[in-house]
Number of protein chains: 2
Amino acid sequence: MNIFIDNKSGTPIYNQIYTRLKNLIISGELKRDDALPSIRALAKDLRISFITTKRAYDELEKEGFVYTVPAKGCFVAAKNTELLREENLKSIEEHIDCIVRLAASCNLSREEVLSMVSFGFEQ
Amino acid sequence: MNIFIDNKSGTPIYNQIYTRLKNLIISGELKRDDALPSIRALAKDLRISFITTKRAYDELEKEGFVYTVPAKGCFVAAKNTELLREENLKSIEEHIDCIVRLAASCNLSREEVLSMVSFGFEQ
DNA sequence: TTAACTGTATATAATCAATATATACAGTTT
DNA sequence: AAACTGTATATATTGATTATATACAGTTAA
């Protein structure tokens, strides 16, 4: 499964697992309805508590990347790219809201902001 | 001085003081080189530890809104509006960076993002 | 010069969220 | 029945946040 834990890195174990699996799903290495390793098998493999792998899977499920069936296992959900796109759009909207508020509080016009954004894409 | 503490609100005391003073400075009610109440006097007034008022003042100083002179007091710094503008610009840049990254990961073009931003200003 | 004020520095206590875990439970498969 | 699956509950540890006391050192003005 190629998941490695770096105990020295500051990021929590459950987060490392979550990120790695998410990338595997997004990149397509794990396809729709593929079974993920069971939380216990993966935990045994990584020599950590299965509660920790469960947490990573819970996060993945909460964000719609996987679905789990009690007593059966955890599987890659469909429509991940659409889901990711929706999430990103929502996130972008939030950033824009912040920008609009900040711009207002320092008298920055729409045009000035637009040129800043446009410039941001050139970097 | 009109500073009130709401113990029921979730925001920390030092933060309430910080926000209130910052608003007084930005709005111009406290002008350049005006003396703020001493950390001890304010603490006595609010019936809290002066360490807490000190923390609020430390935050204000770190962000450039006030300067303190040991054994003399704490005073409103100059150029607050310019400073605020700079801070806001930096913050906007950061939001733009995030947006650019998000847009890239879901194949959103510069033009699409620009129209989203433009739309954001209409709300 | 001393009393009363200013801010500073260090150490500490309480609280809370985050992280990781063990254990007991219940359903599925073979 | 044995061996697997995920679930639920309770708990321990850690670290950051918040608020504090106490001892210190400089300034001011009687």
Side-chain angles (χ1 to χ4, degrees), chain A residues 1 3-22 24-25 30 32-77, chain B residues 1 3-22 24-25 30 32-77:
Chain A
M1 182 46 66
I3 298 181
F4 301 100
I5 300 306
D6 178 7
N7 282 314
K8 288 187 294 288
S9 103
T11 57
I13 300 174
Y14 80 90
N15 203 28
Q16 294 183 41
I17 298 169
Y18 161 82
T19 304
R20 174 71 177 134
L21 288 173
K22 183 171 163 184
L24 287 173
I25 293 171
L30 284 173
R32 176 173 177 177
D33 294 325
D34 277 356
L36 275 66
S38 82
I39 56 174
R40 287 167 197 271
L42 181 58
K44 197 172 186 181
D45 190 32
L46 299 176
R47 290 170 201 180
I48 56 177
S49 163
F50 72 88
I51 312 280
T52 305
T53 53
K54 173 167 170 49
R55 175 155 182 192
Y57 283 35
D58 284 347
E59 295 286 325
L60 287 167
E61 183 162 37
K62 203 173 64 186
E63 303 204 1
F65 290 103
V66 304
Y67 62 92
T68 76
V69 184
K72 299 198 77 174
C74 187
F75 308 88
V76 176
Chain B
M1 182 47 64
I3 298 182
F4 301 100
I5 300 304
D6 178 7
N7 281 315
K8 288 188 293 289
S9 103
T11 58
I13 300 175
Y14 81 90
N15 203 27
Q16 294 183 41
I17 297 169
Y18 161 81
T19 304
R20 174 71 178 133
L21 288 173
K22 183 172 163 183
L24 286 173
I25 293 170
L30 284 173
R32 176 174 177 176
D33 295 325
D34 277 357
L36 275 66
S38 82
I39 57 175
R40 287 167 197 273
L42 180 58
K44 196 172 187 180
D45 190 33
L46 299 176
R47 289 171 199 178
I48 56 176
S49 163
F50 72 88
I51 312 279
T52 304
T53 53
K54 173 166 170 48
R55 175 154 184 192
Y57 282 35
D58 284 347
E59 294 287 323
L60 287 167
E61 184 162 36
K62 202 173 64 184
E63 304 205 1
F65 290 104
V66 305
Y67 62 92
T68 77
V69 184
K72 299 197 76 173
C74 188
F75 308 89
V76 176

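Residue numbers begin at 1 in each chain, while the letters A, B, ... track the order of the sequences.
With a 4.5 Å cut-off on side-chain heavy atoms, N7(B) and I13(B) count as touching. Y57(B) has its side chain within reach of L42(B): a pair of non-hydrogen atoms, C-beta onward, lies under 4.5 Å apart. For the pair I48(A)/I17(A), a side-chain contact is recorded, criterion being any heavy-atom separation below 4.5 Å from C-beta on. Residues F75(A) and L30(A) have side chains not in contact (no heavy-atom distance under 4.5 Å, counting atoms from C-beta outward).
With salt bridges taken as basic N to acidic carboxylate O contacts below 4.0 Å, one links K54(A) and D58(A).
Rounded to the nearest 0.5 Å, atoms CG (D45(A)) and CZ (R40(A)) are 15.5 Å apart.
Listed for the Q16(B) side chain is a donor-acceptor partner under 3.5 Å among the backbone atoms of D6(B).
Distance, I39(B) CD1 to dT20(D) P: 13 Å, rounded to whole Å. Nucleotide dA3(D) holds its P atom 11 Å from the NZ atom of K44(A), rounded to whole Å.
For the pair R40(B) and R47(B), nearest-nucleotide mapping onto DNA chain D gives the more 5' position to R47(B). Annotation: of the two residues near DNA chain C, P70(A) and N15(A), the 5′-most nearest-nucleotide partner is N15(A).
Residues passing the side-chain contact (heavy atoms from CB on, under 4.5 Å) test with R32(A) are A78(A), sequence neighbours excluded.
The outermost nucleotides of DNA chain C lying under 4.0 Å from heavy atoms of chain A, listed 5' to 3', are dT19(C) to dT29(C).
For DNA chain C, the residues of residues 50-68 of chain B within the heavy-atom distance limit of 4.0 Å (strictly under) are F50(B), I51(B), K54(B), T68(B), sorted by number.
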